[in-house]
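Worksheet: one structure, shown below.
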Amino acid sequence: MPRKARTEPGAPGFSLLAALLAGPAHGYELVARLERLGASEVFPLEPPTLYGHLHSLAESGMVTWREERHGSRPPRKVFELTRSGQEAAEVWLAAPVPRLRQVRQELLLKLALLEVLDRPADRRGLIERQLEVCRLYLSGLADQPAETPVGRLNRGARASAAEATIAWLESLLAPSEVPA
């Protein structure tokens with residue numbers, strides 16, 4: 001029975017699409033691109049998982065592949081973005097993460113990819129949009145009643161995490177960190 005293509009690639013799939021913005025690559029080359037970023041600190045991407053994501057992306061029409069031969073070595077698949085894959089990668093890279101806990105994973109990866117792709121203006125824009133999301137989250141916490149001791153502690157912990165994230169994001173906007 002054939003596998004069903006996913007409708008949403010998830011962070012690993014989107015990161016592969018974004019890594020392909022730098023140009024076509026075979027699977028191990030993509031792993032190397034992501035490893036230079038430190039992507040394994042966010043999520044593991046072992047070859048079987050990598051190829052599963054790449055084949056899902058191909059089934060959904062976001063990447064194409066061609067076989068490439070080098071001498072007597074076995075052929076390898078070289079993956080390339082389609083127009084829809086490029087558009088999906090661009091939309092994903094530009095979008096702030098909706099949940100605070102995704103900052104330590106998905107947002108870090110997006111910022112690193114934008115840095116490697118040498119897109120400082122896009123990186124800065126993403127940081128600014130993420131700041132807006134975090135500030136809205138923090139103000140929403142202030143509007144929630146905390147009627148129990150656990151509720152008060154929970155709101156305080158979440159507010160503290162949001163404030164720390166906002167401070168960190170603001171530090172990334174310092175002129176020495178992100179050129180204008």
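Basis for what follows: all heavy atoms, side chains included, without hydrogens, waters or symmetry-related copies.
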Flag if over 12 foreign heavy atoms under 6.0 Å of CZ, Arg135: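 Counting neighbours around CZ of Arg135, more than 12 heavy atoms of other residues, nucleotides or ligands fall under 6.0 Å, so yes.
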Whether over 12 other heavy atoms sit under 6.0 Å from Glu170 CD: yes
Count I, L, V, M, F, W, Y as connected when their side-chain heavy atoms are under 4.5 Å apart, and connections chain through other members. Are [X] and [Y] then in the same cluster?
X	Y	result
Leu153	Leu141	no
Leu138	Val133	no
Trp168	Ile127	yes

Geometric class of the His55/Trp65 ring pair [parallel <30°, tilted 30-60°, perpendicular >60°]: perpendicular
Side-chain heavy-atom pair Leu111, Leu172 within 4.5 angstrom cut-off: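 SC-SC contact between Leu111 and Leu172 confirmed.
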What is the minimum heavy-atom distance between [X] and [Y], and which atoms define it?
X	Y	result
Leu17	Ala88	CD1-CB, 4.1 Å
Ser84	Gly61	OG-O, 3.0 Å
Ala162	Tyr137	CB-CD2, 3.8 Å

From CA spacing to verdict: side-chain contact (heavy atoms from CB on, under 4.5 Å), Leu54, Leu30: CA-CA 10 Å; Leu54 287 169; Leu30 283 170; 3.9 Å; yes
Basic-acidic side-chain contact under 4.0 Å: Arg99, Glu106: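 Salt bridge: no.
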Inter-residue atom distance Asp122.CG - Leu114.CG, 0.5 Å rounding: 6.0 Å
